[in-house]
Amino acid sequence: MVRLLMKKMLHVKREYDITIFQTPSFGQTKGYRQVYRLTISAANHHQALSHIYRMFNVPDLLPKDYQARFMSTGDIVFIDEGLNGQAYYKLCPEGWQKISRIHIS
């Protein structure tokens, strides 16, 4: 219990394996494909998603080998924590929404 409390107090960062999925054209709901994969250090999923959104919407922060469009509504981010689980998030007009993996097809 004390260890958990200390982690929250210190905001220990973890490594997250991030995969971004996009459809070929903006606005489509089917045909998602993997467009980029990277590892990010963040305190939690919310912080990782904020970092990803900023990175893939500011031209100066885009990775040199990124060939897809800017991140927009409908894009999906997969966060893999290894043994700690996996989560999918879809960018909606009201923000990031956790979804089930069935939506990826």
Side-chain angles (χ1 to χ4, degrees):
M1 185 70 165
V2 173
R3 188 177 292 168
L4 180 63
L5 183 60
M6 290 301 291
K7 270 188 178 181
K8 286 185 178 184
M9 287 174 41
L10 297 174
H11 297 288
V12 175
K13 291 192 175 190
R14 304 167 96 185
E15 293 290 318
Y16 295 109
D17 182 25
I18 307 286
T19 306
I20 299 172
F21 293 91
Q22 291 181 337
T23 55
S25 298
F26 175 74
Q28 292 179 327
T29 57
K30 294 184 180 177
Y32 283 95
R33 59 184 171 82
Q34 179 180 333
V35 294
Y36 201 73
R37 187 173 180 179
L38 71 156
T39 302
I40 287 193
S41 184
N44 53 42
H45 286 196
H46 179 72
Q47 188 180 43
L49 291 168
S50 295
H51 183 75
I52 288 292
Y53 183 79
R54 182 171 174 260
M55 178 186 288
F56 290 96
N57 278 309
V58 176
D60 292 340
L61 299 177
L62 284 173
K64 300 254 187 257
D65 58 341
Y66 183 68
Q67 300 297 318
R69 58 182 161 77
F70 288 115
M71 187 160 285
S72 59
T73 304
D75 292 348
I76 295 176
V77 172
F78 170 60
I79 300 177
D80 188 4
E81 297 183 65
L83 297 175
N84 294 328
Q86 304 171 341
Y88 288 89
Y89 292 90
K90 184 174 187 174
L91 185 55
C92 298
E94 56 275 351
W96 292 102
Q97 299 286 323
K98 193 169 187 177
I99 61 171
S100 67
R101 66 182 285 188
I102 288 176
H103 289 88
I104 305 255
S105 46

(Q) Using 0.5 Å steps for rounding, measure from the CG atom of L91 to the CE atom of M71. (A) 7.5 Å
Could you tabulate the donor-acceptor pairs under 3.5 Å formed by side-chain atoms of residues 76-87, not counting sequence neighbours?
residue: D80; atom: OD1; partner: G82; partner atom: N; Å: 3.0
residue: E81; atom: OE1; partner: R14; partner atom: NH1; Å: 3.0
residue: E81; atom: OE2; partner: H45; partner atom: NE2; Å: 2.7

**Q.** Distance, nearest 0.5 Å, that separates CZ of R37 from CZ of F21
**A.** 9.0 Å
Q.
Under the criterion side-chain contact (heavy atoms from CB on, under 4.5 Å), I'd like the reasoning laid out for K30 against T23: C-alpha separation, chi angles, the key distance, then a yes or no.
A. CA-CA 7 Å; K30 294 184 180 177; T23 55; over 6 Å; no
**Q.** Spacing of NZ belonging to K13 relative to CD belonging to Q47, to within rounding of 0.5 Å
**A.** 5.0 Å
Q. Is the shortest heavy-atom distance from the side chain of S41 to the side chain of Y16 under 4.5 Å?
A. no
Q: Show the numbers, then the answer: is there a side-chain contact (heavy atoms from CB on, under 4.5 Å) between R33 and V35?
A: CA-CA 6 Å; R33 59 184 171 82; V35 294; 3.5 Å; yes
(Q) Using the side chain to side chain contact (heavy atoms under 4.5 Å, CB included) criterion, which residues pair with P59? Sequence neighbours excluded. (A) F70
Q: Measure across P93 and T73 and return the closest heavy-atom pair with its distance rounded to 0.1 Å.
A: CD-CG2, 3.8 Å
Q) With sequence neighbours excluded, what pairs up with S72 under the side chain to side chain contact (heavy atoms under 4.5 Å, CB included) test? A) F26, R69, D75
Q) Where do I18 and T39 land on the side-chain contact (heavy atoms from CB on, under 4.5 Å) test, with the steps shown first? A) CA-CA 6 Å; I18 307 286; T39 302; over 6 Å; no
(Q) In the structure I gave you, are the side-chain heavy atoms of P63 and Y36 within less than 4.5 Å of one another anywhere? (A) yes
Q) Considering only heavy atoms from C-beta outward, does the side chain of L61 approach that of R54 to under 4.5 Å? A) yes
**Q.** Set of side chain to side chain donor-acceptor pair (under 3.5 Å) partners for N57, sequence neighbours left out
**A.** none
Q: Taking atom OH of Y66 as the centre, report whether more than 12 heavy atoms of other residues, nucleotides or ligands fall under 6.0 Å from it.
A: yes
Q: Give the C-alpha distance, both sets of side-chain angles, the deciding distance and a yes or no for side-chain contact (heavy atoms from CB on, under 4.5 Å) between K90 and Y32.
A: CA-CA 12 Å; K90 184 174 187 174; Y32 283 95; 3.7 Å; yes
**Q.** Co-membership, hydrophobic cluster, residues Y53 and Y89, 4.5 Å side-chain
**A.** yes
Q. Taking only residues two or more places apart in sequence, or in another chain, which ones meet Q67 in a side chain to side chain contact (heavy atoms under 4.5 Å, CB included)?
A. none
Q | Heavy-atom pair of closest approach, residues G31 and P24 | A | O-CD, 3.4 Å
**Q.** Non-neighbouring partners of S25 that pass side chain to side chain contact (heavy atoms under 4.5 Å, CB included), sequence neighbours left out
**A.** Q28
